[in-house]
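Down below is the structure, laid out as structure tokens.
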Amino acid sequence: MVHADRLLPADPTTRDIARELYAEVKDMPIISPHGHVPVEWFHDKDYHFDNPTELFITPDHYVTRILHSQGVDLKDLGVGQKNFTPEQSKHAFELLGKFWPAYAGTPMQYWFDDELATVFGIDKPFGPDTAGEIYDEINDDLKQPEFSTRALVKKFNIEFISTTDDTLDDLHLHDETNADPDFPARLAPAFRPDLYLEPYKTANWGEKVEQLGEVAGVDATTYAGFTEALRRRRQYFKAHGAVLSDHSHADVRTDRLSDEEVNRLFKQAMAGNITPEEGDKLRRHFFADQVEMAQEDGLVMTVHPHVHRDYDPQNLAEYGVNIGADIPAKAEFAVDLKSLLNKYGNTPDFHFVAFTMDETVYSRELGPLAGFYPSLYVGAPWWFLDSPEPILRYFDYITTAAGFSKLSGFIDDTRALCSIPTRHDTNRRLTARFVSGLVADHRLSMDEGKRVMRESVKEGPRHVFKLD
């Protein structure tokens, strides 16, 4: 059974303040501007997950990576498997139970316990002896009408949710879902052009560029045509409800090349004849183009840089991307963003949201930068930082330098539907915990604290992501 005061302060006086602050936002709708749940889950009016493993384990690399660290093969968890039988699914859930002690102290343990209790009403402890029984209970529930994905979206009180989509997607599933009056939320696509901005890293990049041109209705085999194709696709996404473009590269530099050099390197890239160093040069130039396009179309830019993506080549070859094998890298924002911010950082309608897995830059770079430049916002703690202690440090570091208004609002960044309400509730509790300290210290009045709470959940993210 989960405790009513979970994550709130241990000190009784401060805990009472935190309870009152948390109550202010506990039942407010969820705004989820960035995540990775597939649109197909929402398009089908009667979509049900086949089993608990499909719901909790297979799509969630937070969960699978820990099991992998204990020696479990990813294929035994359904990762990359097209025909995963009911027997295999239950076995995967029992493997989670067997290795459940390995999750002690992780946010995944907290999230899972919370999901069992708040979504499925299960209050028995999860572990080796109960995993099979709990699997059967959830499996029965998932067949009921109230556990369709649409019913869960309504139950979770989700007001806005964004998927992350391929640049060439025609977005008809988004359009049809939003046109259905029975869908209880606003659904938006997100423009993710990474594959087209990484000419060295992307396999068969030239072929993909040609496909981009075909979809955009322009010859993209020249740099000028390529740029126009991406501009058209950004505009297409915005016309179909997108509010942001999302980017994840090794850095956020925007070094521009001369016209001669960019055209020469583009031709080399189309021919598949480009070095890693040249690929980085082109990517930085392409990223600078994306920044300029954002001035035209108004899409918010979110960046998730400085990551050693797909660190394990053996598992990448066997299972593909997004299996939990991403490792944080050292971040450098003050140097990398100088050109961008000095050109566009004072532009009122430009919103640039910087995420990091290197929390050393919160107080050293991102907080001070966001505390000066109107266009820069600091993304919520991401990936390895979205657990209680780093979230509290994030609040401390960023609000000290920039205040609460330069926070992005919470971003769940999840591939697991049932973790959305749990992660948002986690953040609301931790926000109440942090703000309660300011109220207890008489640095904020209770009314001011409640205003901060409301703005962190509603007005803040609606402003940052231009949802009004």
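Both backbone and side-chain heavy atoms feed into the values below; hydrogens, waters and symmetry mates do not. Given the structure is predicted, the values throughout are model-derived calculations rather than measurements.
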Could you go through Leu341 and Phe352, starting from their C-alpha distance and side-chain angles, then the distance that decides it, and tell me whether this counts as side chain to side chain contact (heavy atoms under 4.5 Å, CB included)? CA-CA 9 Å; Leu341 290 174; Phe352 188 94; 5.7 Å; no

Does the distance from a Lys or Arg side-chain N to an Asp or Glu carboxylate O, for Glu296 and Lys238, drop under 4.0 Å? no

Here the pair of heavy atoms bringing His61 nearest to Gly324 is CB-N, 3.4 Å

Does the side chain of Phe191 reach to within under 4.5 Å of the side chain of Gln290, using non-hydrogen atoms? yes

Under the 3.5 angstrom rule, does the side chain of Tyr319 hit a backbone N or O of Lys75 as a donor-acceptor pair? yes

Check whether any side-chain heavy atom of Leu21 sits under 4.5 Å from a side-chain heavy atom of Met446, and report yes or no. yes

Salt bridge flag under 4.0 Å for residues Asp425 and Arg428: no

Any pair counted as side-chain hydrogen bond (donor to acceptor under 3.5 Å, both in side chains), so long as it reaches residues 369-378, sequence neighbours left out: Asn342-Tyr373, Tyr377-His463

Mind checking side-chain contact (heavy atoms from CB on, under 4.5 Å) for His240 and listing every partner two or more places apart, or none if nothing turns up? Leu171, Asp175, Tyr236

Donor-acceptor check, side chain of Thr130 to backbone of Pro125, threshold 3.5 angstrom: yes or no? yes

Spell out, as yes or no, whether a donor-acceptor pair under 3.5 Å connects the side chain of Thr14 to the backbone of Ser436. no

Report yes if some heavy atom in the side chain of Leu195 is under 4.5 Å from a heavy atom in the side chain of Thr167; otherwise report no. no

Residue list, salt bridge (charged side-chain N to carboxylate O under 4.0 Å, His left out) with Lys338, at least two apart or on another chain: none

His48 side chain to Leu142 main-chain N or O, any donor-acceptor pair under 3.5 Å? yes

Please, which pairs that meet salt bridge (charged side-chain N to carboxylate O under 4.0 Å, His left out) have at least one residue in residues 116-136, sequence neighbours excluded? Lys90-Asp136, Lys124-Glu133, Lys124-Glu137

Does some side-chain heavy atom of Asp141 sit less than 4.5 Å from a side-chain heavy atom of Asn139? no

If you count heavy atoms of other groups shown closer than 6.0 angstrom to CZ of Arg443, is the number above 12? no

Is the shortest distance from a Lys or Arg side-chain nitrogen in Asp194 or Lys201 to a carboxylate oxygen in the other one below 4.0 Å? no

Side chains of Thr302 and Asp246: donor-acceptor distance under 3.5 Å anywhere? yes

Look only at the side chain of Asp310 and the backbone of Val321, and say whether a donor-acceptor pair between them is shorter than 3.5 Å. no

Less than 4.0 Å between a side-chain N and a carboxylate O, is that true for Asp396 and Arg393? no

Please list, chain by chain and in numerical order, all residues satisfying side-chain contact (heavy atoms from CB on, under 4.5 Å) with Ala102, sequence neighbours excluded. Ile66, Gln70

Can you tell which of Arg233, Arg234, Lys466 makes a salt bridge (Lys or Arg N to Asp or Glu O under 4.0 Å) with Asp297? Arg234

Would you confirm whether Arg192, through its side chain, and Asp165, through its main-chain N or O, come within 3.5 Å as a donor-acceptor pair? no

Test item: Leu173 and Phe42 side chains (from C-beta on) under 4.5 Å apart, heavy atoms: no

Could you tell me the separation between the CG atom of Leu197 and the CZ atom of Phe287, rounded to the nearest 0.5 Å? 8.5 Å

Side-chain contact test, heavy atoms from C-beta onward, threshold under 4.5 Å: evaluate it for Asn51 versus Phe93 and give yes or no. no

For Phe404 and Phe434, take the angle between the two ring planes, folded into 0 to 90°, and tell me which bin it lands in: parallel under 30, tilted 30 to 60, perpendicular over 60. perpendicular

Exactly one of Arg309, Glu198, His304 clears side-chain hydrogen bond (donor to acceptor under 3.5 Å, both in side chains) with Ser248, and that residue is Arg309

Run the salt-bridge test on Arg150 and Asp182 with the 4.0 Å N-O cut-off and return the result as yes or no. no

Main-chain N/O of Asp358 paired with Thr356 side-chain donor or acceptor, under 3.5 Å: yes

May I ask you to test the Phe355-Asp413 pair for a side-chain heavy-atom distance under 4.5 Å? no

Can a donor-acceptor pair be found between the side chains of Asp447 and Ser445 at a distance below 3.5 Å? no

Is the cationic atom of Arg423 (NZ for Lys, CZ for Arg) positioned less than 6.0 Å from the six-membered ring centroid of Tyr62 and within 45 degrees of its normal? yes

Looking at Phe160, does the NZ or CZ of Arg186 lie under 6.0 angstrom from its six-membered ring centre and within 45 degrees of the ring axis? no

Set of salt bridge (charged side-chain N to carboxylate O under 4.0 Å, His left out) partners for Glu20, sequence neighbours left out: Lys450

Gln295 (side chain) donor-acceptor with Val291 (main chain) under 3.5 angstrom: yes

Quick check: do Pro193 and His247 have side-chain heavy atoms less than 4.5 Å from each other? yes

Check the pair His308, His306 against ring pair (Phe, Tyr, Trp, His ring centres under 6.0 Å), reporting the backbone distance first and the verdict last. CA-CA 7 Å; His308 297 292; His306 311 117; over 10 Å; no

So does Glu459 pair up with Arg454, basic N to acidic O under 4.0 Å? no

Report yes or no: does Arg429 contribute a side-chain atom to a donor-acceptor pair with the main-chain N or O of Thr426 at less than 3.5 Å? no

Evaluate whether atom OH of Tyr47 has more than 12 neighbouring non-hydrogen atoms of other residues, nucleotides or ligands under 6.0 angstrom away. yes

Measure up the Tyr362 and Tyr397 rings against each other and bin them: parallel (under 30°), tilted (30 to 60°), perpendicular (over 60°). tilted

Any donor-acceptor N or O pair under 3.5 Å, side chains Ser456, Thr431: no

Keeping the roles fixed (side chain from Gln88, backbone from Pro86), state whether a donor-acceptor pair exists under 3.5 Å. no

Between Asp412 and Ser32, is any side-chain donor less than 3.5 angstrom from a side-chain acceptor? yes

